[in-house]
Amino acid sequence: MRDVDIGSVGKTLKEMLQNPDPVDEDIFIKSGDGEVLGVVISEKAYEFFLEKTEEEEDRIDQETVEEFHRTKE
């Protein structure tokens, strides 16, 4: 992960980031022709994303273990 100090971003982005309830306010950073270059999400949204990713990884791991046990029988 790369860190950027809030003091090094422009006024518009700083104001967006300091929104007190940004969960539903993802920030898309686009090029001049509208191509999405990146997305900024809130810490809560990031934690939720990580939690769901870990849950899916655990589910896949469990399926792998169950399949392994089925093939050994």
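Numbering starts at 1 and runs along the sequence shown.
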Practice task
Check whether any side-chain heavy atom of Val40 sits under 4.5 Å from a side-chain heavy atom of Leu17, and report yes or no.
Solution key: yes
Exercise for the section: Check whether any side-chain heavy atom of Leu50 lies under 4.5 Å from a side-chain heavy atom of Tyr46, and answer yes or no. Expected result: yes
Kindly write out the residues that satisfy side chain to side chain contact (heavy atoms under 4.5 Å, CB included) with [X], not counting sequence neighbours, or none if the list is empty.
X: Ser31; value: Asp33, Glu35, Leu37
X: Val65; value: His69
X: Phe49; value: Thr53

Practice task
Starting at CD1 of Ile60, measure out to CD of Glu55 and round the result to the nearest 0.5 Å.
Solution key: 12.0 Å
Fill in the blank from the handout: Taken to the nearest 0.5 Å, the spacing of Asp61 CG from Glu56 CD works out to 10.0 Å
Exercise for the section: Name all residues meeting the salt bridge (charged side-chain N to carboxylate O under 4.0 Å, His left out) criterion together with Glu57; count only those two or more places apart in sequence or in a different chain, and write none if there are none. Expected result: none
Completion exercise
Sequence neighbours excluded, the answer for salt bridge (charged side-chain N to carboxylate O under 4.0 Å, His left out) partners of Glu66 is none
[X]: partners by side chain to side chain donor-acceptor pair (under 3.5 Å), with sequence neighbours left out:
X: Glu43; answer: none
X: Glu51; answer: none
X: Glu67; answer: Arg70
X: Glu63; answer: Arg59

Please output the side-chain donor-acceptor pairs of residues 2-14 that fall under 3.5 Å, not counting sequence neighbours, one pair per line with the distance.
| from | atom 1 | to | atom 2 | distance (Å) |
| --- | --- | --- | --- | --- |
| Asp5 | OD2 | Gly7 | N | 2.8 |
| Ser8 | OG | Asp5 | O | 2.7 |

